[in-house]
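Counting convention: from 1, in listed order, for ligands and their atoms alike. The basis for the numbers below is simple: all heavy atoms, side chains too, and nothing from hydrogens, waters or symmetry mates.
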Amino acid sequence: MSLSGTQARIIDGKAIAAAVRAEVAARVAKLAAQGVVPGLSVVLVGEDPASQVYVRNKDKAAQEAGFNVRTVRLPATTSQAQLLGVVRELNDDRAVHGILVQLPLPRGLDANAVVRALDPAKDVDGLHPENVAALAVGAPKLVPCTPAGCIELLDRSKIALAGKRFVVIGRSQLVGRPLAALALARDATVTICHSKTGDLPAVCRGADILVAAVGKSEMVRADWVAPGATVLDVGINRGADGKLVGDVAFAEVAERAGAITPVPGGVGPMTIAMLLANTLQAAARRAGLEAVV
Ligand code: NDP
């Protein structure tokens, strides 16, 4: 427990992500020795600058880990039928084990329909209804990367979930909901908060583990946090000065929390690491070689 004036332990997501990536690379090498090179295909539609950066980073990380990487770049004018055609081709391609369609899609394209068209066994973002249902019934297959990264950060920081009061702010399909399901599967007592939650600070103060996944700069203040609590900050926001800031007021919360993730360098790096882990899992599962890796 952190006493007043002391600083929380910083959970170093960059270092933990590097460890996960190194482990994945070692397992990819083992799988390759069995004749299977995991293939990841990232589909990028349009010119959104942030998406371009994310896709470049995913490509680079996957290549470094020894994956076969194929990025499919399509113009913003791509029709829904053309995009679904690309997804079907990738579904049928034996060399592709993981498919990620970078979201958001340009206006006019239906992301839900595209996700539903994915082969669930290749859905390394864990968004296909079959994977969502598997997680909801407590038998997860492919799990969304950012929430999986949050659990990995806790595990590798030796912060147990069982019996803890776990509060997540945010109920998106991508982060809040799947994270709540993962925490519940790990025997935490889970509360999901959102924009209609009454007295949010009081609910947050009841948390042993508090996760902010909102998208509002420095919304979580020190007096929202119980002394000694663990705080994970999923938010990525651009401050007025252009710098990245999270959903948590880091400096003041670090004086009260027991452990905290910084932004950048906390949850962010874990997302790509877990994408690699998911792709490895998909490849090993299809080859029937899960025991090998
Ligand atoms: P969404 O916009 O989909 O969801 C935001 C959630 O926050 C909603 O459930 C919303 O409630 C809730 N919310 C909004 N305002 C408030 C408020 N004032 N009080 C309480 N709850 C509120 O965002 P995402 O889940 O996709 O992302 C959340 C953040 O995480 C963003 O900053 C995003 O950039 C970042 N992110 C980071 C990733 C990483 O790799 N680190 C990956 C993915 C996202 P309601 O449902 O009622 O509208």
Side-chain angles (χ1 to χ4, degrees), residues 11-18 20-21 42 48-58 60-62 100-105 111-112 115 124-127 132 135 143-154 167-183 190-207 210-221 223-225 231-240 242-250 260-278:
I11 299 175
D12 184 348
K14 230 171 136 180
I16 295 174
V20 172
R21 283 164 61 167
V42 181
D48 178 61
S51 294
Q52 306 254 10
V53 174
Y54 291 143
V55 167
R56 242 195 333 270
N57 291 342
K58 285 168 186 171
K60 187 164 168 274
L100 184 150
V101 179
Q102 184 66 41
L103 302 177
L105 292 172
N112 285 332
V115 167
V124 284
D125 243 354
L127 296 175
V132 174
L135 178 57
V143 172
C145 302
T146 302
C150 290
I151 300 293
E152 196 72 26
L153 280 179
L154 294 172
V167 174
V168 55
I169 320 173
R171 55 175 164 181
S172 70
Q173 302 289 341
L174 200 59
V175 188
R177 283 170 203 257
L179 180 56
L182 286 170
V190 177
T191 305
I192 307 175
C193 301
H194 46 75
S195 64
K196 308 291 187 294
T197 297
D199 201 352
L200 183 59
V203 179
C204 293
R205 269 193 299 275
L210 175 63
V211 185
V214 182
K216 294 225 182 313
S217 299
E218 301 189 324
M219 186 179 88
V220 176
R221 314 302 307 192
D223 64 356
W224 293 33
V225 175
V231 179
L232 302 186
D233 190 351
V234 179
I236 302 178
N237 313 289
R238 192 68 68 181
K243 285 204 184 124
L244 287 187
V245 279
D247 290 344
V248 176
F250 181 84
I260 186 168
T261 60
V263 175
V267 175
M270 294 303 290
T271 299
I272 290 184
M274 301 317 288
L275 169 68
L276 302 184
N278 274 355

Look at the side chain of [X] and the backbone N and O of [Y], then say whether any donor-acceptor pair between them is shorter than 3.5 Å.
X    : Y    : answer
R221 : A249 : no
R177 : R171 : yes
D247 : K216 : yes
N278 : V143 : yes

With respect to L127, which candidate in L103, V101, L100 satisfies the side-chain contact (heavy atoms from CB on, under 4.5 Å) definition?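 Single side-chain contact (heavy atoms from CB on, under 4.5 Å) partner of L127 among L103, V101, L100: L103.
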
Which residue is it: L210, T191, T197? I am looking for the one with a side-chain contact (heavy atoms from CB on, under 4.5 Å) to I169.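 The option that passes is L210.
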
Using a 4.0 Å cut-off to any heavy atom of [X], which atoms of ligand 1 qualify?
X    : result
A213 : 5 (C), 6 (C), 7 (O), 28 (C)
L200 : 19 (N), 20 (C)
G170 : 6 (C), 7 (O), 9 (O)
N237 : 32 (O)

List the steps and the verdict of side-chain contact (heavy atoms from CB on, under 4.5 Å) for I11 and I16. CA-CA 8 Å; I11 299 175; I16 295 174; 4.0 Å; yes

Closest approach of any protein heavy atom to [atom], naming residue and atom:
atom                    : answer
atom 31 (C) of ligand 1 : G215 CA, 3.7 Å
atom 44 (C) of ligand 1 : V175 CG2, 4.0 Å
atom 20 (C) of ligand 1 : H194 O, 3.2 Å
atom 35 (C) of ligand 1 : V234 O, 3.5 Å
atom 48 (O) of ligand 1 : S195 OG, 3.7 Å
atom 5 (C) of ligand 1  : V214 O, 3.4 Å
atom 25 (O) of ligand 1 : S172 OG, 2.5 Å
atom 42 (C) of ligand 1 : T146 OG1, 3.2 Å

Does any N/O atom on [X] come nearer than 3.5 Å to any N/O atom on ligand 1?
X    : value
I236 : yes
D247 : no
R171 : yes

Which distance, rounded to the nearest 0.5 Å, do you find between the [atom1] of [X] and the [atom2] of [Y]?
X    : Y    : atom1 : atom2 : answer
R238 : L244 : CZ    : CG    : 4.5 Å
L153 : D12  : CG    : CG    : 9.5 Å
L200 : R205 : CG    : CZ    : 10.0 Å

Would you check whether G176 reaches within less than 4.0 Å of ligand 1, judged by its heavy atoms?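 Outside the 4.0 Å threshold, so no.
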
Touching ligand 1 at all, T197? Heavy atoms, strictly under 4.0 Å?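 For ligand 1, residue contact (heavy atoms, under 4.0 Å) with T197 is absent.
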
Might you work through the side-chain contact (heavy atoms from CB on, under 4.5 Å) test for C204 and V225, ending with a clear yes or no? CA-CA 6 Å; C204 293; V225 175; over 6 Å; no

On a heavy-atom basis, I'd like to know which of T271, I169, L103 is closest to atom 39 (C) of ligand 1.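 Nearest heavy atom to atom 39 (C) of ligand 1 lies in T271.
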
Where's the contact between Q173 and ligand 1, heavy-atom distance under 4.0 Å: side chain, backbone, both or neither?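 Under 4.0 Å from ligand 1, Q173 contributes no heavy atoms.
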
Please report the C-alpha distance between D48 and Q102 in whole Å, then the side-chain angles of each, then the deciding distance to 0.1 Å, and finally whether the side-chain contact (heavy atoms from CB on, under 4.5 Å) criterion is met. CA-CA 10 Å; D48 178 61; Q102 184 66 41; over 6 Å; no

